[in-house]
Amino acid sequence: MKIVTVIGARPQIIKAAALSRAIKNSFANKIEEIIVHTGQHYDENMSQVFFDELGIPKPDYNLSVGSASHGVQTARMIEGIEEILLKEKPDYLILYGDTNSTLAGAVAASKIHVPIAHIEAGLRSFNKSMPEEINRIMCDHASALLFSPTKTGYSNLISEGFNPDNRKPFTNDNPGIFHCGDVMFDNSLYFREMALNKGNVLDNNELEAGKFILGTVHRDNNTDQPQRLNAIFRSILKISEENDIEFVLPLHPRTSKLLSKNLDQELYKAIGDNDKIKLIPPVSFLDMIALESNCQMVITDSGGVQKESFFFNKPCIILRSETEWKEIVEVGAAIIADADKEKILSAYSHFLHSRKLEFPSIFGDGKAAEFICGVMLENAGE
Ligand code: UD1
Ligand code: UDP
């Protein structure tokens with residue numbers, strides 16, 4: 001079986017490591033993988049670092065689309081992906097998550113009848129102002145195989161009319177839907193020990209285990225709306241000033257570029273002058289796992305970081321008005337605080353005083369990637 005995998009944004013590169021590893025370890029004679037990097041993310045610390053660190057094969061193609069408006073960026077990707085699909089004629093196109101690279105792959109493949117396998121299918125925020133919500137809905141409805149990481153994702157698909165009977169052959173008119181666990185959980189189990197052994201990110205940033213909060217902010221509705229960005233950073237400043245706690249914030253380039261423009265000047269200066277708030281460039285995945293495993297708490301608007309916080313048994317304050325990973329909120333391990341200062345401060349205080357949080361098994365058994373490969377092999381060419 002031949003598959004073409006499209007990746008482009010940081011979290012997709014990391015997710016792809018799980019499938020490439022499963023192919024290498026268990027299906028090397030059965031699956032040939034061709035990797036296409038759209039070039040959506042391109043800085044060394046947003047892309048190459050993950051290939052070097054996580055053992056992902058070098059991309060066979062790089063479309064180098066770079067940054068642009070949604071339409072321009074997606075259109076450039078569609079053109080490039082179509083050309084590659086026509087040449088490579090794969091059994092499946094593999095798409096991850098909900099970025100513009102995902103949408104481009106879905107449009108290109110469905111028009112020329114290449115079956116799509118969507119990994120991370122069924123997740124919904126029910127907020128169509130998010131570009132990701134549109135991308136994931138469109139991709140799900142163009143796919144032949146849909147792999148959902150959670151029960152909620154699987155139920156969302158059924159609510160949208162997907163048939164759980166799974167009668168073969170699977171096509172985008174008769175898709176197969178599977179609840180299979182999360183490839184990122186596979187990765188967290190696999191890389192955790194490596195990350196803890198590598199261990200110099202704490203020293204390098206003068207952080208002490210258990211005595212810092214890890215934060216990330218990159219959603220466009222937080223970075224691009226000054227009112228929201230100010231509320232988030234005012235909360236961070238207040239928590240750091242009132243508690244003996246440090247913050248480390250590996251900043252996405254989108255956020256770094258907008259901080260000085262969108263934060264009130266006095267706040268921007270106060271953050272810069274506060275040596276307990278460490279704004280650092282994006283870190284590698286192993287460093288990120290080390291930070292997640294050793295922090296006191298996580299504060300984030302990232303989908304991936306919310307979940308990893310749960311994988312490493314840390315409470316999480318979610319800087320969004322909703323989440324696709326609603327299980328982690330339902331069990332009390334995460335709180336939706338939006339970009340609302342009062343809610344953020346109250347979530348911090350709640351977690352600080354919580355005695356025992358529960359982190360039940362929600363994301364599978366660490367073998368989602370093997371399951372996905374097995375299903376594709378069973379159905380290729382039918
Ligand atoms: C994209 C995804 C988002 C995902 C995030 C992961 C879409 C619509 N959004 O958002 O779902 O959570 O990736 O990180 O696909 N930039 C750089 N260097 C880079 C990459 C980006 O400087 O290597 C800057 C550019 O100024 C760019 C901005 O970041 O305009 C935004 O990048 P883009 O890929 O368009 O969206 P993300 O915010 O990264
Ligand atoms: N990540 C990383 N370095 C960083 C920030 C995040 O390796 O400096 C990883 C993080 O551990 C997770 C993924 O990137 O696996 C999440 O990506 P991001 O937050 O950019 O996107 P989202 O998950 O929200 O789509």
Side-chain angles (χ1 to χ4, degrees), residues 6-18 37-54 64-74 76-77 95-105 120 123 125 129-136 138-139 149 182-188 191-192 195 201 205 214-224 248-258 261 279-293 295 298 300-312 318-320 323-325:
V6 169
I7 53 182
R10 166 170 68 188
Q12 297 172 316
I13 303 171
I14 302 172
K15 285 166 199 167
H37 192 328
T38 62
Q40 178 169 351
H41 287 174
Y42 44 84
D43 289 348
E44 210 276 335
N45 58 17
M46 293 293 287
S47 172
Q48 188 57 42
V49 64
F50 305 110
F51 289 91
D52 297 342
E53 196 177 57
L54 309 183
S64 302
V65 298
S67 304
S69 66
H70 287 281
V72 169
Q73 188 182 54
T74 311
R76 284 185 188 143
M77 293 175 190
L95 298 173
Y96 290 96
D98 52 24
T99 72
N100 287 345
S101 298
T102 316
L103 175 64
E120 236 181 51
L123 299 177
S125 63
S129 69
M130 283 180 82
E132 293 83 0
E133 183 76 349
I134 303 296
N135 292 348
R136 53 171 93 99
M138 310 263 268
C139 182
D182 192 335
V183 292
M184 283 308 296
F185 185 55
D186 299 9
N187 274 338
S188 70
F191 290 114
R192 180 171 190 181
V201 65
N205 291 288
L214 169 65
T216 76
V217 181
H218 77 278
R219 293 273 150 225
D220 60 357
N221 76 329
N222 283 333
T223 58
D224 300 8
V248 63
L249 294 133
L251 286 189
H252 187 293
R254 173 197 274 285
T255 319
S256 309
K257 285 174 193 167
L258 287 166
K261 178 168 170 257
L279 305 182
I280 63 171
V283 297
S284 76
F285 185 58
L286 295 185
D287 284 350
M288 195 64 184
I289 293 183
L291 293 173
E292 288 164 344
S293 311
C295 66
V298 170
T300 189
D301 61 9
S302 157
V305 177
Q306 277 173 52
K307 261 184 311 167
E308 287 161 12
S309 165
F310 186 87
F311 298 160
F312 298 114
I318 301 174
L319 301 170
R320 287 180 43 196
T323 178
E324 303 79 49
W325 306 104

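We count residues from 1, following the sequence as given. Counting convention: from 1, in listed order, for ligands and their atoms alike.
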Query raised in the report: Stepwise, does the side-chain hydrogen bond (donor to acceptor under 3.5 Å, both in side chains) test hold for Asp98 with Asn135?
Result: CA-CA 5 Å; Asp98 52 24; Asn135 292 348; over 6 Å; no

_Walk me through whether Thr223 and His218 qualify under side-chain hydrogen bond (donor to acceptor under 3.5 Å, both in side chains)._
CA-CA 6 Å; Thr223 58; His218 77 278; over 6 Å; no

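Remark: minimum distance from atom 20 (C) of ligand 1 to any protein heavy atom is reached at His41 CD2, 3.4 Å. The nearest protein atom to atom 35 (O) of ligand 1, hydrogens excluded, is given as Gln73 NE2, 3.9 Å; this is a heavy-atom distance. Atom 17 (C) of ligand 1 has as its closest protein heavy atom Tyr42 OH, 3.2 Å. Closest to atom 27 (C) of ligand 1, if we only count protein heavy atoms, is Ser67 OG, 3.3 Å. The closest protein non-hydrogen atom to atom 18 (N) of ligand 1 is Asp43 OD2, 2.9 Å. When only non-hydrogen protein atoms are considered, atom 8 (C) of ligand 1 lies nearest to Asn100 OD1, 3.4 Å. Atom 1 (C) of ligand 1 has its closest protein heavy atom at Gln40 NE2, 3.7 Å. Among protein heavy atoms, atom 36 (O) of ligand 1 sits closest to Arg254 NH2, 3.8 Å.
For atom 37 (P) of ligand 1, the nearest non-hydrogen atom from the set His252, Glu44, Gln12 comes from His252.
In this structure, the side chain of Gln306 engages the main chain of Ser302 through a donor-acceptor pair within 3.5 Å. Side-chain N or O atoms of Asn187 include none that pairs as donor or acceptor with a backbone N or O of Ala17 at under 3.5 Å. Put simply, the side chain of Asp182 gets close to the backbone of Met184: a donor and an acceptor are under 3.5 Å apart.
Interatomic distance, CG of Leu214 versus CD of Glu308, reported as 9.5 Å (0.5 Å rounding). Rounding to the nearest 0.5 Å gives a distance of 10.0 Å between CE of Met288 and CZ of Phe312. For the atom pair CZ of Arg320 and OG1 of Thr300, the computed distance is 9.5 Å after rounding to the nearest 0.5 Å.
The distance from ligand 1 to the heavy atoms of Met46 drops below 4.0 Å at these ligand atoms: 23 (O). Close contacts between ligand 1 and His218 involve ligand atoms 4 (C), 5 (C), 6 (C), 12 (O) [criterion: under 4.0 Å to a heavy atom]. Per-residue contacts place Arg219 under 4.0 angstrom from the following atoms of ligand 1 (heavy atoms of the residue considered): 11 (O), 12 (O). The Pro11 neighbourhood of ligand 1 comprises atoms 6 (C), 14 (O), with distances under 4.0 Å to a heavy atom of that residue. Below 4.0 Å from some heavy atom of Lys257 lie the following atoms of ligand 1, by number and element: 17 (C), 22 (O), 24 (C), 25 (C), 26 (O).
Between Ser67 and Tyr42 the shortest side-chain heavy-atom distance falls below 4.5 Å.
We find that Arg219 and Glu133 are not joined by a salt bridge, their nearest charged nitrogen and carboxylate oxygen being 4.0 Å or further apart.
Using cut-offs of 30° and 60° on the angle between ring planes, the pair Phe191 and Phe285 is perpendicular.
With hydrogens and angles left out, the side-chain atoms of Gln12 and Thr102 include a donor and acceptor closer than 3.5 Å.
Within 4.0 Å of ligand 2, protein heavy atoms belong to Arg10, Pro11, Ile14, Phe50, Met184, His218, Arg219, Pro250, Pro282, Val283, Ser284, Phe285, Met288, Glu292, Ser302, Gly303, Gly304, Val305, Glu308, listed by chain and number.
Residue contacts with ligand 1, taken as heavy atom pairs separated by less than 4.0 Å, involve Glu132 solely via side-chain atoms from C-beta onward. Neither the backbone nor the side chain of Ser302 comes within 4.0 Å of ligand 1, counting heavy atoms alone.
Met46 CE: more than 12 foreign heavy atoms inside a 6.0 Å radius.
Partners of Arg76 by salt bridge (charged side-chain N to carboxylate O under 4.0 Å, His left out), not counting sequence neighbours: none found.
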